[in-house]
There are 2 protein chains.
Amino acid sequence: MATSRPGPNLSRIATSLGVSVATVSNALSGKGRVSGQLVERIREHAAELGYVPSQAGRALRTGRSGVLGLVLPDIANPLFPKIAQAIEFAASAAGYGVLIADSRGDVAAQTEAINRLVERGVDGMVVIPRRATRISSAACPVAVIDTPSTPGNTVAADHWQGGREIAGHLAGLGHRRILIIGNNQESNVQNDRAGGIRSGMRPGMHSETLWIDRLEQENGNGCPLGLAEKVGQGFTAFAALSDLLALRALTELQQAGINIPTDVSVTGFDDLIWSPVVTPSLTTVRMDMDRIAGIAVSALVDTIRTSSIREGVLVTAEIERVAMQLIVRQSSGPANPAPRTSEKENM
Amino acid sequence: MATSRPGPNLSRIATSLGVSVATVSNALSGKGRVSGQLVERIREHAAELGYVPSQAGRALRTGRSGVLGLVLPDIANPLFPKIAQAIEFAASAAGYGVLIADSRGDVAAQTEAINRLVERGVDGMVVIPRRATRISSAACPVAVIDTPSTPGNTVAADHWQGGREIAGHLAGLGHRRILIIGNNQESNVQNDRAGGIRSGMRPGMHSETLWIDRLEQENGNGCPLGLAEKVGQGFTAFAALSDLLALRALTELQQAGINIPTDVSVTGFDDLIWSPVVTPSLTTVRMDMDRIAGIAVSALVDTIRTSSIREGVLVTAEIERVAMQLIVRQSSGPANPAPRTSEKENM
DNA sequence: CTGAAAGCGCTTACAG
DNA sequence: CTGAAAGCGCTTACAG
């Protein structure tokens, strides 16, 4: 005896209407040629009975689960809510569910997470890989979201261009000495962002990069960054490669009695939840996550629909680089007290 | 013709070994009585072939999908990563996958999200309800995580007790006038926290509560909170009902030239990612999310395993209130400059 | 336009 | 200890 489901199935609808299950199935899916009035009757009755199609039955028959996997390097990453929300939204719109998997920690865990999703029968997955990881083909189509510097990507934000936006903004405020602050020298994303900032600087501007990972290796996590000294050295702009670092910089500077944005400017990346909330709020650069997720999911879904068999392919999309958008919240700088247009965000 | 899966199935293993599928199934699951050496051979061969059981086949047969749903009021909530991570971990350990659904916005979307999960065949779900929402039984077991004030809960952090911890801490630092800062007067969670703070105050202490939602209705989102004035009125402690509010308070005070923790203390709730990172880092109170998730998931799984049919029940657990833990990061206050033990967190 | 039938891959009660 | 068989609910090619 197999465990029965609580709801009605096709067969019950068919019996009670005196038609075949095939006809009910066709009527409900709109695929076979069924007469208009019969379709009507069947749909009505199905709705009345509260019919919910069995995903298991359908999946077994079609070989498709209707579920996508989402593999993240670390769910604790503060960017995660935006990613998950965007992917869930895009997937939902395309009729797919989203199964999450966290590859907390090493590459082995990532592989394991991918396997777990495959075992659960996902039709494809979106992977945001750990730094420096190549996704060797899983047993299903995979869309990779990373930097454009990473080969085999499906789609990515143009972090380099985002960096250029920041540089342009700081140049416009009259800054000459910029301290770039990163916390992961191995990260493609951070390197792209930093490179973009450097490449976007105008003649006469100078930058230096502070990698906190090194600093913390020596002085322990959460150690002071010594930014007040940097101000003493003439730096007036602090371009953090993430909003979390920007927040750390902002509060350290404030604590040292340095006024933002009167004395120095602080910028971040990603427009995370706290950016518009802190005082002064953070100038940052935002990915169009909905667009990125939309591209990734639709490329994935196309591949799934096209390939008749579940195979391991790396999905590629036409549009690879999605521009990042500058959000100016600190509109004045030390060298340029004139107000500029600013955008105010909701909490 | 049904779409075929790429990998081998039970039948292929059976054929190539000259045994029946039933035996292979039994050997692999360890359920039926199969001789030791045959089990050995079958397992070996299955591993060799890279056999991955079909969830669809199993689900159809057993009526169980092995998947749990996770419904969140808003994925963008900064607490979400912790929740999702904890639920995913607990579910994973219990052999379940996690399907996410965001009920962004109204109650209707929540109901819809729940239905979508049911349609996807989840065996049960964990719901973190929108404020003031009663989850009427879905078509599967449901575990609700909310405040203890909400009836029908499965498990919840003891926000009230968390508030008492904060009050005790502030009392210990010698504070007399506390400004409680909330942003949602309707939230059970925030009301519990605020109530806990008030109830934990020592004789001679005084508190006032600032509801930002009201303030913002009048002055627009992101308006200044006027905390400097409150300092002028003699408040020395600012107890925010969330870490995001604490961050907002902290930076607004710093910007006004008020030193923390020398002049005033700022506390939050939840120990979110930025709490240990800002300068000065935030004293806060932390939920044991892993424990909460573990309780919710295991109660859910028990119910699923017990009930022979998928039915809509609200799952209740034995231990309802999980204590919150105080994390002291600002160890001195204006009235008590003596250092106390402090805990330093990693980034 | 409608229906009978096969079969997706699995598990389980039952017979041997 | 092992196997033959039924059946979970669905979809689809095919026959009528």
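Sequence lines set the chain letters: A, B, ... in the order given, protein chains first and strands last, and positions in each chain run from 1. Nothing here was measured: the structure is a model prediction, and the numbers come from that model.
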Short side-chain N/O contact to dT11(C) OP1/OP2 from Arg58(B), under 4.0 Å: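 The answer is yes; a side-chain N or O of Arg58(B) sits under 4.0 Å from OP1 or OP2.
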Distance below 4.0 Å between Lys31(A) side-chain N/O and dT11(D) OP1 or OP2: no
Residues touching DNA chain C, which here means a heavy atom under 4.0 Å, drawn from residues 19-30 of chain A: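 When residues 19-30 of chain A is checked for heavy atoms under 4.0 Å from DNA chain C, the hits, listed by number, are Val19(A), Ser20(A), Ala22(A), Thr23(A).
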Lys/Arg-Asp/Glu bridge criterion (N-O < 4.0 Å) met for Arg116(B), Glu88(A):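 A salt bridge links Arg116(B) with Glu88(A).
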Of the nucleotides [options], which has the atom closest to the [X] side chain?
{"X": "Leu60(B)", "options": "dT2(D), dT11(D), dC8(D)", "value": "dC8(D)"}
{"X": "Thr62(A)", "options": "dT2(C), dT12(C), dT11(D)", "value": "dT11(D)"}
{"X": "Leu10(A)", "options": "dT11(C), dT2(C), dC10(D)", "value": "dC10(D)"}

Whole-Å distance between [N] [atom2] and [X] [atom1]?
{"X": "Ile42(A)", "N": "dG3(C)", "atom1": "CD1", "atom2": "P", "result": "8 Å"}
{"X": "Glu40(B)", "N": "dC1(D)", "atom1": "CD", "atom2": "C1'", "result": "17 Å"}
{"X": "Gln37(A)", "N": "dT2(C)", "atom1": "CD", "atom2": "P", "result": "8 Å"}
{"X": "Arg61(B)", "N": "dA6(D)", "atom1": "CZ", "atom2": "C1'", "result": "8 Å"}
{"X": "Leu38(A)", "N": "dG3(C)", "atom1": "CG", "atom2": "C1'", "result": "12 Å"}
{"X": "Arg64(A)", "N": "dG7(C)", "atom1": "CZ", "atom2": "P", "result": "20 Å"}
{"X": "Gln55(B)", "N": "dG9(C)", "atom1": "CD", "atom2": "C1'", "result": "11 Å"}
{"X": "Tyr51(B)", "N": "dG9(C)", "atom1": "OH", "atom2": "P", "result": "10 Å"}

Counter-base of dG16(D), judged by Watson-Crick or G-U geometry with both distances under 3.5 Å: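 By the stated definition (distances under 3.5 Å), dC1(C) pairs with dG16(D).
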Tyr96(A) OH to Arg120(B) CZ distance, which is reported to the nearest 0.5 Å: 9.0 Å
CZ on Arg12(A) to NE2 on His45(A), rounded to 0.5 Å: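 Output value for this atom pair is 8.0 Å.
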Check: Gly121(B) main-chain N/O paired with Ser65(B) side-chain donor or acceptor under 3.5 Å: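 Pair found, side chain donor or acceptor close to backbone of Gly121(B).
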Neighbour count >12 (heavy atoms, 6.0 Å) for atom CZ, Phe89(B):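 Not buried by this count: 12 neighbours or fewer within 6.0 Å.
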Leu79(B) side chain reached by Met287(B) side chain, heavy atoms, under 4.5 Å: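 Yes, their side chains come closer than 4.5 Å.
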Heavy-atom closest pair, residues Gly63(A) and Asp123(A):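 Between these two residues, the closest heavy atoms are O-OD1, 4.3 Å.
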Most 5' of Gly36(A) and Ala56(B) on DNA chain C, judged by nearest nucleotide: Gly36(A)
